[in-house]
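Just below is one structure, and these are the notes that go with it.
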There are 2 protein chains.
Amino acid sequence: MSFQERKKKIVSAVNAAGSLSVFELSEKLSMSPATIRRDLNDISEEGLLIRTHGGAMKMDNPVLTSFADKSGANENNKETIGKMAADFVQDGDIIFLDCGSTVFKMCRHIKNRNGLKVITNSLPVLAELFDAPGISINLIGGEIDKQRRAVHGERAVQHIDQYQANKAFIGVDGISAEKGLTAHSEVEAMITSAFVRNADEILLLCDSSKIGKDSYFRFGSLALIHKLITDKDLGNQTTAALKEKGLDIVKG
Amino acid sequence: MSFQERKKKIVSAVNAAGSLSVFELSEKLSMSPATIRRDLNDISEEGLLIRTHGGAMKMDNPVLTSFADKSGANENNKETIGKMAADFVQDGDIIFLDCGSTVFKMCRHIKNRNGLKVITNSLPVLAELFDAPGISINLIGGEIDKQRRAVHGERAVQHIDQYQANKAFIGVDGISAEKGLTAHSEVEAMITSAFVRNADEILLLCDSSKIGKDSYFRFGSLALIHKLITDKDLGNQTTAALKEKGLDIVKG
DNA sequence: TTAAATTTGATCAAAAATAATCAAAAACGA
DNA sequence: TCGTTTTTGATTATTTTTGATCAAATTTAA
């Protein structure tokens with residue numbers, strides 16, 4: 001086994017277990033502790049996990065968590081939300097798809113639609129739908145945001161403003177009855193706002209962990225949202241508070 | 001078994017297995033380890049798999065591999081042209097990169113530049129340069145052309161017209177002293193024309209098989225081109241005819 | 001706090017893999 | 001056909017990787 005392979009195995013083993021000791025890894029991979037230490041140092045240098053005394057633990061910086069990483073937080077709920085959201089997509093629709101992991105989950109479930117037109121700024125969405133014969137894709141142009149694997153910027157907003165869609169499937173970083181919709185960053189909020197302003201129906205995909213939380217940039221009120229698609233873990237009290245605000249809630 | 005055949009077999013074997021050692025491959029294909037090593041190095045140079053100590057493993061950029069370029073005819077010449085063209089790219093440049101396999105070959109050789117700004121409509125180019133820390137990418141928006149793995153259309157042309165670059169690296173489907181530049185399709189010609197009109201210096205990458213040939217859509221004269229980068233197989237007579245037309249020819 | 005136990009980084013030698021070199025074999029072109 | 005070029009496999013020197021050892025650093029326990 002080459003050290004490149006070993007490194008991959010170590011990363012996924014540590015990600016799966018949360019944390020592992022040098023000794024556990026050395027046993028699991030039948031390698032000497034010295035080698036494991038060297039590997040761990042290399043890997044942590046690359047920023048893929050956190051070195052601890054005696055071993056390593058998983059790095060959970062939400063920004064770096066790639067979409068391919070199946071071990072992300074709230075995986076099951078996001079999957080369920082994605083599936084439910086896909087039910088609102090019909091043949092012939094013109095839809096905006098935002099970047100973000102929950103919206104990405106939808107894609108797998110809409111690949112068999114026909115005559116669908118997807119307008120997106122998300123590279124994972126592009127990659128996922130690229131092979132679908134019944135779907136034509138309009139890619140939003142502009143600066144590539146490597147961290148978010150998406151296109152952002154003024155140019156991208158201009159692009160979106162030239163189109164009109166039936167439905168927009170969007171994600172946010174926080175939502176609450178008091179502050180409305182919030183995002184981690186202004187650039188992302190600009191894009192989402194553009195989607196909202198150019199679509200007939202706005203569907204917000206948001207797992208329960210983000211509901212009731214506020215992120216730092218406020219960019220819109222709840223009144224903009226036609227449907228909130230979320231998971232079963234959303235408390236009844238919060239649900240009631242949001243329904244009070246006139247939100248149509250779809251709960252997994 | 002030819003080198004090309006073997007190469008294909010190695011790539012698919014490694015992709016199927018995830019990873020294979022030099023010895024496993026040498027047994028499977030009945031070739032000496034020395035040959036397998038040579039092959040592996042060539043293949044990993046082309047970026048189709050990752051060379052490891054002791055073997056190779058499959059390359060999986062989870063989001064963007066689907067756009068990886070499939071290698072076709074005239075491989076070696078295109079590779080050489082790409083390498084030469086890369087020499088004309090300097091740190092800090094703003095460049096247009098056209099879609100097409102020869103231009104794509106450049107990418108691997110410019111990954112280590114710093115402060116480079118790349119404006120492109122090619123998905124393979126995007127995938128290849130995505131990881132390069134010194135390069136920022138501006139993706140041209142518009143309709144995705146799945147067959148060419150690129151963005152085309154009126155919207156894309158508008159996008160390009162908003163920018164000005166130092167250099168444009170373009171490809172064509174045909175070039176001759178009589179008819180000038182020709183393309184397979186009008187959509188592609190529109191994009192290339194837009195690149196030409198918005199860049200200070202135009203560098204045409206074109207292997208000798210396309211020189212002297214005409215494709216069906218004429219879209220520009222040779223006078224637009226500042227440098228023609230081609231391979232060693234270009235006949236002396238043709239070379240002379242093109243030089244007559246004022247072309248600066250760089251020959252591998 | 002000090003003392004004991006554990007973990008680490010550095011160093012080194014052995015083992016494994018590689019690159020470089022060269023001659024034989026095969027493919028190619030005139 | 002013959003001479004040239006390309007490809008292949010064997011040999012050898014070099015480089016990389018690994019595991020062991022041990023002193024220094026860190027953590028734990030008393």
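Letters go in sequence order (proteins before strands), and every chain restarts at 1. Computed over heavy atoms, backbone and side chain alike; hydrogens, waters and symmetry mates excluded.
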*Atom NZ of Lys7(A) to atom C1' of dT16(D): distance rounded to whole Å?*
14 Å
*For a side chain to side chain contact (heavy atoms under 4.5 Å, CB included) with Ser208(B), tell me which candidate from Ile81(B), Thr238(B), Thr230(B) qualifies.*
Thr230(B)
*Salt bridge flag under 4.0 Å for residues Lys7(B) and Asp42(B)*: no
*Under the 3.5 angstrom rule, does the side chain of Asp173(A) hit a backbone N or O of His184(A) as a donor-acceptor pair?*
yes
*Hey, does the side chain of Glu188(B) reach the backbone of Ser185(B) with a donor-acceptor pair shorter than 3.5 angstrom?*
no
*Between Arg6(B) (CZ) and dA27(C) (P), how many Å, whole number?*
12 Å
*Using whole Å, report how far CD of Glu24(A) lies from C1' of dT6(C).*
15 Å
*Let me have a per-nucleotide readout for nucleotides 8-21 of chain C, 5' to 3', with B, S or -, counting only protein heavy atoms under 4.0 Å.*
BS-------SBS--
*How close or far is atom P of dT16(D) from atom CZ of Phe3(A), stated in whole angstroms?*
11 Å
*Taking for each residue the nucleotide of DNA chain D bearing the nearest heavy atom, is the 5' side occupied by Ser30(B) or by Asp39(A)?*
Ser30(B)
*asked:* Just so I know, are the side chains of Arg218(B) and Thr182(B) near enough to count as touching, which here means a heavy-atom distance under 4.5 Å?
replied: yes
*asked:* It should be established whether Thr35(B) places a side-chain nitrogen or oxygen under 4.0 Å from OP1 or OP2 of nucleotide dG9(D).
replied: yes
*Does any non-hydrogen side-chain atom of Arg37(A) lie less than 4.5 Å from one of Leu40(A)?*
no
